[in-house]
Every structure is written in C-alpha cells, then in structure tokens.
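Chain identifiers are assigned alphabetically (A, B, ...) following the order of the sequence lines, protein sequences preceding nucleic acid strands; residue numbering begins at 1 within each chain. Quick caveat: nothing in here was measured; it's all calculated off a predicted structure.
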There are 2 protein chains.
Amino acid sequence: MTRPELSLAPLHAFVVLAEELHFGRAAARLGIAQPPLSQQIRRLEDKVGHPLFTRTPGHTALTPAGRELLPAARRALEDLADGLAAARAVGGGSAGRLRVAFAASLALTVLPPLLRAYRDRFPDVHLDLHELTTAPQVAALHDRTVDLGLLREPPGEADLDTTTVHTERFVAVLPSTHPLATRRTVPLALLADDPFVLLPRAAGPRFHDRIIEACAAAGFTPRVAQRAVEWQTVCALVGAGLGVSLAPEGIRHLRLRGVAFRATTPDTVRTEVVAAWHKDDPNPLVAHFRAVIDDLRPSWTP
Amino acid sequence: MTRPELSLAPLHAFVVLAEELHFGRAAARLGIAQPPLSQQIRRLEDKVGHPLFTRTPGHTALTPAGRELLPAARRALEDLADGLAAARAVGGGSAGRLRVAFAASLALTVLPPLLRAYRDRFPDVHLDLHELTTAPQVAALHDRTVDLGLLREPPGEADLDTTTVHTERFVAVLPSTHPLATRRTVPLALLADDPFVLLPRAAGPRFHDRIIEACAAAGFTPRVAQRAVEWQTVCALVGAGLGVSLAPEGIRHLRLRGVAFRATTPDTVRTEVVAAWHKDDPNPLVAHFRAVIDDLRPSWTP
DNA sequence: TGGCGTGATATCTCTAAACGTATGACGCGA
DNA sequence: TCGCGTCATACGTTTAGAGATATCACGCCA
C-alpha cells in the first residue's frame, strides 16, 4: 500500500463535474463558486498528469483518461461512505455482532423475552448464541470468544462484571407418586431422608453450593444418589423414582410426566440468574444488552 | 453522491496502523514521527465518531468499528491507485482503445505490418478494427465512431488531417488469355478498346476519378462494362472474361486463377494510401499510430 | 458587431492539518 | 522502585488548498 496521491474532495468535484459536464452547474451542486471548481479540477489534472476534460466552448466532455478514472473515483467514494456509515453503526452499537452464551435451562425462561426485546431494539445486530454451562462460559468470556454470558449464580471472577437478571425460588422436584407430592408446598427439612439427583458440581460450583447451603439451613446434608448433566435428565431420573431434587423455579416449564414440582419453604432460599461480561468491555453492544436486561427485570420479578 | 467526510491520507495511516498495530512501527513505515500519527488517528476517530483502536498499554487492537472501516478504506485506496494508474496509462497513450477503419483491400498489404508494429509498441492498447469503404469511413470519422481511417486517396475534408502511408503504381488486371498478358508491362493506351470492370464510384470517388484521369492521360475514356463492390469480385469478373481493370499494385496479393496482373506505363500514375484522423484529436493513441506510420513508411516505398 | 454564456486567470484570505520537538502518563518487568 | 516501552499531549511552524471576488478570453448568435 503506497501513499495516496489524490484527495477525496477534488475527486468528488471530479465525479460531480463528470455528471454535469458543466462547470457552473457542477459548482452549484457542490455549493461553491465556479472558479474554485476550475482550480480543483486543474490541480487534479496536474496530479494525474493528463487532462480529464476537454473544454471546447459550449461543451465540456470527459477525455479517455477521465473516463478511466471516473469509475474508480466513484467506487472509492461510495466505498468510503458505506464503510463510514457501517463503522458508525457498529461504533454506535446499532449494528455488529454480539456473542452471547447462556445456560441451557435459561432457554426456557429468561432467554426468549430477552432476545426478542434486544432484537426489536437493534435489528441490525447479529446474535451468536452459544449454549454453555457455567465453567465454559467463564472461560469463553476470559478469552473473548464470547461477549456476554447468562448463567446461574455470579461466577465471582475479578475481571468480570455481573448484573442480576432475575432471582428464582427453588422448587422441589418429586416423583408424582411421592407422599409429599400431595402438598402445595414442601418444607425443605422433609426431604432430609430422600436420595438426591443433582447436576455435577463442576458444571456450576456456585449454584451447586447454593443447593447444599439451602439443605444445610434446613438442617441436613443431602445424600446424592445420582448425578446428571442436564435438567431434563435430572427430572427424568426423579420421575423414574431414583430420588428427589431441588431446581430453580423456571425448570417447571419442562412439564415431564410423572414429575411434580412443588414450592419449597422457607422461600428465602433463592438462586440468581446473572449476566456476566468482561469488565470495561468497550463494545457498545454489551452495554445495550445490559440496558435491555435492566429494562426487562421488573417484568419478571413481581 | 455526497461530500466526502474523510481524507485519504489519514485513511492510509489508518490502514498501515491496522496492519502494524503499533504506533511507532506504523509511523516509521509512513515516514513520519509517532506523535503526528497519533494525531491523525485521533482526528480520524473524531470524524467517525467512535474509537477505531483500543490502546491498552503494550497492545493496540482494532475496535469492531475499526474492523468495519478497514476493508472499505483498503478498497478505496486500491481503487484509486489502480484508477490513477489506468488513467495515466490512457492519458499517456500506452493503454486504451483505438478505433481504426480500413479499406478492405489494405488488409492484404499495409494493414498487417502496421498493426504488428503498433501492437509491439503499445501492447495494452485495444484495437477496434472496422472494414469500411471510403465514404462510410469519412462519416465515421466525422461522428467520432472511429479515431483513424486508412483509405485510398485523401478524402479532402476540412476537419480531417491526413498523411500518406504509401503510394502504389497501378497494374492492369487481365484475363490470362488476353493477348496483352504475354507482355511484362502494358501501356495504358492499349486498353482503350477493352471493356472495364470497376468499383462503384460512390465507394471511393477520388480513387475512381484517379483511374479515369489515368485513362484520359492515355487518350481514352474507359468503357465500363461492369461494376463490383469488392476487388475480389472485380478480379473474378475479369477472370471470367467480362473485361479488364486497373487496380493498385497491392491487389496482386489476391492471386486468382485465370487472372494476370501486369505493370502499366507510364508509371507516373500512382494511387495513395492515406491515414485520416480528426484534426486536433487530442487522443495520444492517434498520434502514436501516426508515428508508427511515419516509422514504417520507408520500409515499403523503396 | 456587441451582448451572452462559459470557462480560465489573478489575487487575496483563511483554515485545517501535517509535521516536528519536547514532554507527560502509565503499565510492566527486572 | 526504577527504567523502559508505548502512546498521548502540548505547542509552534509551515504549507496546501479551499474559498471568495473581480476580471479576462473566447466562441456563438442575433
């Protein structure tokens, strides 16, 4: 790439003159007087080294050299105008690409309204969605393969900022044949002797610990009979009678046969859905997504 | 087309910096000090309205907006560099398109070496060749659908300039059975009583008149028994015994069976092949073609 | 032949910005 | 904690060129 020999202003004048083929009218369209236009064209011709127009009295026409330069000039001007507009759109956050990771269970609850609201406001932003559990999300945020993550419980990493999207109560997941399934609400302590089906702790340590804490507060340590990586599987195992479980309220949307979801007491035990992003990420799309979260928060936390 | 908001110099700096991702090295490549580069980039960012680079100590990187602008800037710079080079080539006459008309009979004689020499010297010039008789050539030169014409006898038009490419003697075209075919040279006067086969006068009035004049100088007016639009046909008709003809020496190349070409006396009667072009045509390709004609002229006029 | 239209020229002003030197801020690694 | 690398800032100089007005040159047509 070599140093540019021309400037855009004279090239614009050139293009306009090539369209008008009349110095007076072209100057008017450019909003300048006629002499400066003559000068600009002359300077341009000096730089090119050859005349670009033939000026016969009463008729201005392009020379072959001018005809050769015209399409290039036009393309360059259009490219730059388009590129500038695109850069502004991206810079202003009204266009671009935002990479969002989310925990699988959120696809049933907060994710759809969030995406719909965001898309309504920024239709020119392309969303790359990645379903990931907590640990991979943190890693992805770390090496910048993802701009924003939606996960259960704040990850507590120094270089990540978070905001709460939503807090949920826990529900007890019971086989429908379970004696407690006849009650509307289940005190946690009554589950002390049941075997538990839980997610592996590594998938989301903080969330897992929250469950253990809740049980501890109720006076027992859950006996884990089985682990499964997805809520779908956890609930299916519960339905098969392998045990009970504690799950965020949103899991109710799964509606599996043979599985009952019951509110638990005390209802002080809650779990958070949070958004996380790289601290000081200058990407305006991230800020916009956060704004959408802030706007929607009241709508699902009554 | 709207007024350009950017200039090329800063865009060039932007592209170089985007390649180097290092202000010091980019400045060195641009041949300037580092502070001016910082300023140019800052001004550019001000115009765009958003940062184009993230400057974290030890690392300079493109922002999404910068990534968006980069290809447009690169394309614009390349387009203009290419366009400028092309315009210069065309303006300097080393490239472009030259439209040449020629009389059909010249395709056998002067045209091939002329085109070969021209093409050797200006390989990037595209030649549009049109076979036309004299009158259409003059018309085409007039409305600029042709840049240069090659024809027999100067057209004598006020707005056309001409140069002689070549002068030729006339040869008698005889059936090989004709009594005069036994001679090496044929005095024109001996053809006084033969019927003539000639081109239509309208195809090239001056050339036609030249033949009539030659006969008049020999003391007779040719009796035209037949007209034909092409030399090929004229000679075929002569071979068929419909008469004799007078033709420029170059027609010998036709070499038809049953037709003899014989030199004529007096040899003062000659015909000119001329090139014609619009007076004051600024097209350098025309000038170059004329130069090639001038260079080649000695080679075929001994 | 004298206006009219068109473009070129002359001259002046003014500003943006290109560039340099000197220096400051800041994180990072020894 | 002290350099070092890296980029930003401050400030001054210089220049290209964009713009204006006034005027000239020239062909054309009434």
Protein-nucleotide distance ([X], atom [atom1]; [N], atom [atom2]), rounded to Å:
X: A/Arg42; N: D/dA16; atom1: CZ; atom2: C1'; value: 14 Å
X: B/Phe23; N: C/dC26; atom1: CZ; atom2: P; value: 17 Å
X: B/Glu5; N: C/dA17; atom1: CD; atom2: P; value: 13 Å
X: B/Leu6; N: C/dA16; atom1: CG; atom2: P; value: 17 Å
X: B/Asp46; N: D/dT9; atom1: CG; atom2: P; value: 10 Å

task = Quick one: list whatever passes salt bridge (charged side-chain N to carboxylate O under 4.0 Å, His left out) with A/Arg210, sequence neighbours left out.
result =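 Per chain and number, A/Arg210 pairs via salt bridge (charged side-chain N to carboxylate O under 4.0 Å, His left out) with A/Glu153, A/Glu213.
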task = Just call it for A/Thr60: base, sugar-phosphate, or nothing, with non-hydrogen atoms closer than 4.0 Å on any strand.
result =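 Sugar-phosphate, backbone atoms only, no base.
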query = How would you label the contact of B/Thr56 with the nucleic acid (heavy atoms, under 4.0 Å): base, sugar-phosphate, or nothing?
reply =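 Since no nucleic acid heavy atom lies under 4.0 Å of B/Thr56, the category is nothing.
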key: Crowding at CZ, A/Arg121 (>12 non-hydrogen neighbours, <6.0 Å)   =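 Counting other residues, nucleotides and ligands, CZ of A/Arg121 exceeds 12 neighbours.
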inquiry  = With a 4.0 Å limit, can you tell me whether A/His22 has a side-chain N or O closer than that to the phosphate oxygens OP1/OP2 of C/dG5?
reply    =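 For C/dG5, OP1/OP2 do not have a side-chain N/O of A/His22 under 4.0 Å.
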query = Given C/dA16, is OP1 or OP2 found less than 4.0 Å from the side-chain N or O atoms of B/Lys47?
reply =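 No, because none of the side-chain N or O atoms of B/Lys47 sits under 4.0 Å from OP1 or OP2 of C/dA16.
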message = Under a plain distance cut-off of 3.5 Å, with no hydrogens placed, do A/Thr164 and A/Glu272 share a side-chain donor-acceptor pair?
response =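 Note: A/Glu272 and A/Thr164 side chains meet the donor-acceptor criterion.
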request  = Assess the pair A/Phe289 and A/Phe122: is the distance between their ring centroids shorter than 6.0 Å?
outcome  =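 Ring centres of A/Phe122 and A/Phe289 not closer than 6.0 Å.
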task = Can you sort out the partners of B/Arg88 under side-chain contact (heavy atoms from CB on, under 4.5 Å), two or more places apart, ordered by chain and number?
result =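 side-chain contact (heavy atoms from CB on, under 4.5 Å) check on B/Arg88 returns A/Glu5, A/Val48, A/His50, B/Leu84.
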key: Residue pair B/Asp147 / B/Leu285, side-chain heavy-atom distance below 4.5 Å   =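 Not touching, per the 4.5 Å side-chain cut-off.
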task = Starting at the 5' end of nucleotides 19-26 of chain D, put B wherever the base has a protein heavy atom under 4.0 Å, S where only the sugar-phosphate does, and a dash everywhere else.
result = BBBB----
